[in-house]
Each structure stands twice: as C-alpha cells, then as structure tokens.
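Everything below concerns the one structure shown next.
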2 protein chains.
Amino acid sequence: MESRCENCIIRQFNSLRAMSKEELQQVSDSKVTKKVKKGEHLFEEGEKLNGVYCVRNGVSKLSKLSANGKDQIVKLATKGEVIGQRSVISEEHTNLSAIAVSDMEVCFIPKESINHTLQKNPNFTLEVLRHMAHDLKEADDVIVNISQKTVKQRIAEAFLYLKNNFGEDEEGFLALTLSREDISNVVGTATESAIRIISEFKKNGLIHTSGKRIGIKNERKLLEMVEGF
Amino acid sequence: MESRCENCIIRQFNSLRAMSKEELQQVSDSKVTKKVKKGEHLFEEGEKLNGVYCVRNGVSKLSKLSANGKDQIVKLATKGEVIGQRSVISEEHTNLSAIAVSDMEVCFIPKESINHTLQKNPNFTLEVLRHMAHDLKEADDVIVNISQKTVKQRIAEAFLYLKNNFGEDEEGFLALTLSREDISNVVGTATESAIRIISEFKKNGLIHTSGKRIGIKNERKLLEMVEGF
DNA sequence: AACAATAACTGATAAATGTCATATTTTTAA
DNA sequence: TTAAAAATATGACATTTATCAGTTATTGTT
C-alpha cells in the first residue's frame, strides 16, 4: 500500500501544507506515485498537463529548447517542489520540459484536485501565489545574471548554488552531479566554453574534479569571482 | 473629486476585476491617484512597498541594477497592469526599481486593501495567481532569449515587441520612444552596441529614425532575423 | 537665440565567447 | 572484459560584443 499525503513530510515544504485535512485526503486518494529514471521525461515542452508533480526525491531540470537547438535550463526542482503548477493554473500547454537529472520519485496529482482547492481555499491559493512570487523573483535574478555577468562568473555562481541547494557527498564532491552539457545549459553558454572554464578553475585550485564530479576547494575565491573581483 | 475604481475601465485588464462590489468600494476609498513625470521613480530597488500601483496611463520600466553598474530592464508595465504585487504578496523588499519612461497616471492602493481581499476572496487570489503565472512564463522566455539569441536578434525582437504592445503614432514611429540606453538595457547589451545595430538596421532599410524615434519599415525581415535567418 | 548638458553616434581596439576539428577519457552495454 | 558509444577535453580560429576615446546631434534652459 502506498503512503498517504497526510503523513508525507515533503508536504511541509510546499503549498500543500495549506490544505485542509479533507482536501489532503482527496489529493491522496487521487495521486499516483511514479518512479522516474535519470534522463527520463516527466513531460515535454508543449504538452498539456493533466496535473502537477510533487517531488519526493531526486532532481528535475526544467528547460526550454531554443531555435538554434540548444536547451536552456531555467530551474532545477528538487524534493518538496511542485512542478507544472504554472501550466495547470493558466490552463496553457507547458512552456518547459521536465527531465530527471537523477533518479526521482514523484507524486502525480490530477489537476482536478488542485483546481478544486484553488477555488475553495484562499489560504492554499495564497500559498501557491507566494511560491510563484518567489519563483518570479528568482527568474528576474537569473535574467540580470545572464545579461550582466560573464560566463566565468555564472559558472562560479552555479557551483555555489549547487553546493548550497544540494550539498556535498562524503568525499567532498557536489552531491548533484550534472553533465558538462547540463552545466553549460544552466549557465547559458557553449559546452566547450563551460569545459574550458572548469579546467581553468581546476588549474587555479578553485575546484577539484573526478570524472564528471566536481568538488569546491576554494569557496571564498569563487564568491569573490561572482562578486566581480 | 476623483474617479472611482468601480467605474474605471482599466480594471477590466487586471485582477481587480475579480473583486466584489464591496471590496472595490473599499479599494476606491483608500486609493490615491498620482501623476508621475517621465524619469521619476515610483519606487526603488530595496524599498519596502506599502501598496501596489495600478497603471492608468503611461509606461514604467521595472529594472534591476547589476554589480557592474548597469541596469537591466526586466519588464515594461503599461495601462492596466499592477506594479509591486510580487513584493506585497511575499512581504519582501522590492527586487526591482520602477521608473516612468513616459508621463504616467497611477493609482496607489494600500496593501491592506489587497491583503484583505487576498485572504477572503479566492477568485481574486486566483486571478492574481494567473497573472503572476503569466509573468513567470514571460520571464522564462526572456531568459531563453537573452542566453540563446544574438544582440541583433534581441534588438529586432524588442522593436517588434514595442510595436505590438504600444503601437505606432500617426507618422509611423513606435508610440513608445525609449532612449538608446533604455533599449540596450531591455536587450542586455552595451549602449554603443545597441546604437551600432540600430544604425545597421537603418542602413539595411529595416527601420527609419528621426531623432530618438524609431519606425519599423520592414517587419517581415525583422521577424526573419528574430527567427534566425 | 545661445549655451550648456545630455544623448546619439562612430572608429579603433580589446576581450569574451562560439565554432569546428580532433584527441582523450569515461561510461555503457554486449 | 572489451568494444563501441558518449562525454570530456584541448587547440586554433572566427565571430560577437564590450570598452574607450572622441565627434556630432539633440534637447532643455536662461
């Protein structure tokens, strides 16, 4: 038997915590838990979503394909985050693809459960609104970063972001391992450029690597680089 | 005597339309109408907002100062849009400055009126949520554009955007005249680069200019440029 | 109308970044 | 375990974009 939303700790981190006991029961009855392997899609750009995904475990990249065939990663969503809200709320096709960058466990919640609560429970709606306001602020920050910072600064920032949001493993490597291509797609640059800068960082003792894994060696210097010294 | 929100046509374009008659009366009683001259601030980055601004007339740029001293314009807000919602909702200081790029008339609505309705009227909250979802989608698009398109493409796109959103005057110039610096800040490039490309567009017959005013001459070619031909 | 102040423009050059070609390493799967 | 595939890495070069310096045009003010 599957676990119930009412007891799910993940809920504490997202807007579902503003649901009443009854609403939560209804969500729990209608939800479906799925396992998504690294590299698999949750959904693709342009799809019509019939619900949202609540992330129990693992990480998904939200990305958009540009005209020149390159992906831009707009956000990395992890444990406790709800994916697909925007598209369900505005009843539009998704503008982003969601692909697992590590093995994931997600709960699919049909949109009916969400929409119903959105119309009846202002606390829930307000909570969702607050989350979206936060996402919007972050998106604005990304815009400013991409247009005003150098690739080097953005890569340094990405590593610090990865450390702060996903932590490090026992050996001191970033817990979330992204391919060089994914890194370049987060930062918005050519893969070769990203690789070159990673090599440079390694040479200068800012980071160390082992295969595709990256560990931060000199956080202070990385921070200074982001700030523009 | 001032005009009442209940009769304001602007309201049809924004989330205020989801308010009940009583709520709207309350908003109308507490609102203050202000005139803001071109170049003046509505508010500055980092300020704490005590309410939102409903734009009756004119245009405001929402921008963020980057570490290297350049502004990045994240959005142009015009008639019918509500500015400052995000910050009021998440009860944070603003992350953006709002400066009038043309003479404006705005209504300042104290946050109490907004917050009260947000907690009581799920329709209103949902409406605000939909608007924010839309803004978030647009922000994602901007991210992809900035990181994947060339400056030339982005400037072409900006001109088309200005035409579609603000129209043209009788003489065939874009109705919203931005300084070259503002254009470069929308696009995320150096002012000189923007000017250079504007000259090139003029030379190639894509646009014509008169002082700082810009008129679109060959929309089809601009569009093709945006698409990457 | 004349002046100062500001904005628009242009050229020369430097710096950053992208592209293509190819070598090397790591990962995957037979 | 080993071959094939995929990812990472590096060099050479082209292109794009930024920067600095200086000129011309426009705008606003007395």
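Just so it is clear: chains get the letters A, B, ... in the order the sequence lines come, proteins before strands, and each one is counted from 1.
- Side chain of B:E47 to backbone of B:E44: a donor-acceptor contact under 3.5 angstrom is found.
- When the local axes at the two ends of the helix from C:dA1-D:dT30 to C:dA30-D:dT1 are compared, using 5 base pairs at each end, they differ in direction by 50° after rounding to 10°.
- What separates CZ of B:R213 from C1' of D:dT26 is a distance of 13 Å, to the nearest Å.
- Atom-to-atom distance recorded for B:Q85:CD and B:L49:CG is 11.5 Å, nearest 0.5 angstrom.
- Atoms CD1 (B:I195) and P (D:dT24) sit 16 Å apart, rounded to a whole Å.
- The stretch residues 166-183 of chain B touches DNA chain C through B:S179, B:R180, B:E181, each having a heavy atom under 4.0 angstrom from the strand.
- Atom NE2 of B:H134 has 12 or fewer heavy atoms from other residues, nucleotides or ligands within 6.0 Å.
- Looking at residues two or more places apart in sequence or on another chain, you find a side-chain contact (heavy atoms from CB on, under 4.5 Å) between B:V187 and B:V151, B:R154, B:I155, B:A158, B:T189.
- Among the candidates A:D71, A:D182, A:N185, the single residue satisfying the side chain to side chain donor-acceptor pair (under 3.5 Å) test with A:K61 is A:D182.
- Remark: the backbone N or O of B:G80 is paired with a side-chain donor or acceptor of B:N14 at under 3.5 angstrom.
- A sub-4.0 Å separation between OP1 or OP2 of C:dT10 and a side-chain N or O of B:S199 is present.
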Set out, in order, the CA-CA distance, both residues' side-chain angles and the distance that settles side chain to side chain donor-acceptor pair (under 3.5 Å) for B:E181 and B:T191, then state yes or no.
CA-CA 5 Å; B:E181 190 179 3; B:T191 307; 5.0 Å; no
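- If you run salt bridge (charged side-chain N to carboxylate O under 4.0 Å, His left out) between A:D135 and each of A:R86, A:R130, A:K75, only A:K75 comes through.
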Stepwise, does the salt bridge (charged side-chain N to carboxylate O under 4.0 Å, His left out) test hold for A:R196 with A:E192?
CA-CA 6 Å; A:R196 229 179 281 278; A:E192 296 94 325; over 6 Å; no
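- For B:E40, there are no salt bridge (Lys or Arg N to Asp or Glu O under 4.0 Å) partners, not counting sequence neighbours.
- Between B:M225 atom CE and D:dT16 atom P there is a gap of 11 Å when expressed in whole angstrom units.
- Atom CD1 in B:I146 sits roughly 14 Å away from atom C1' in D:dT17 (whole-Å rounding).
- What separates CZ of A:F201 from P of D:dA9 is a distance of 14 Å, to the nearest Å.
- Separating the CG atom of A:N185 from the P atom of D:dA7 is a distance of 12 Å, rounded to the nearest angstrom.
- Atoms CD (A:E200) and C1' (D:dA9) sit 14 Å apart, rounded to a whole Å.
- A:K212 meets the salt bridge (Lys or Arg N to Asp or Glu O under 4.0 Å) test with no other residue; sequence neighbours excluded.
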Report, as a single string ordered 5' to 3', how protein heavy atoms within less than 4.0 Å touch nucleotides 17-30 of chain C: B base, S sugar-phosphate only, - not at all.
SBBB----------
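- When rounded to the nearest whole Å, the span between CD of A:Q153 and C1' of C:dA16 equals 12 Å.
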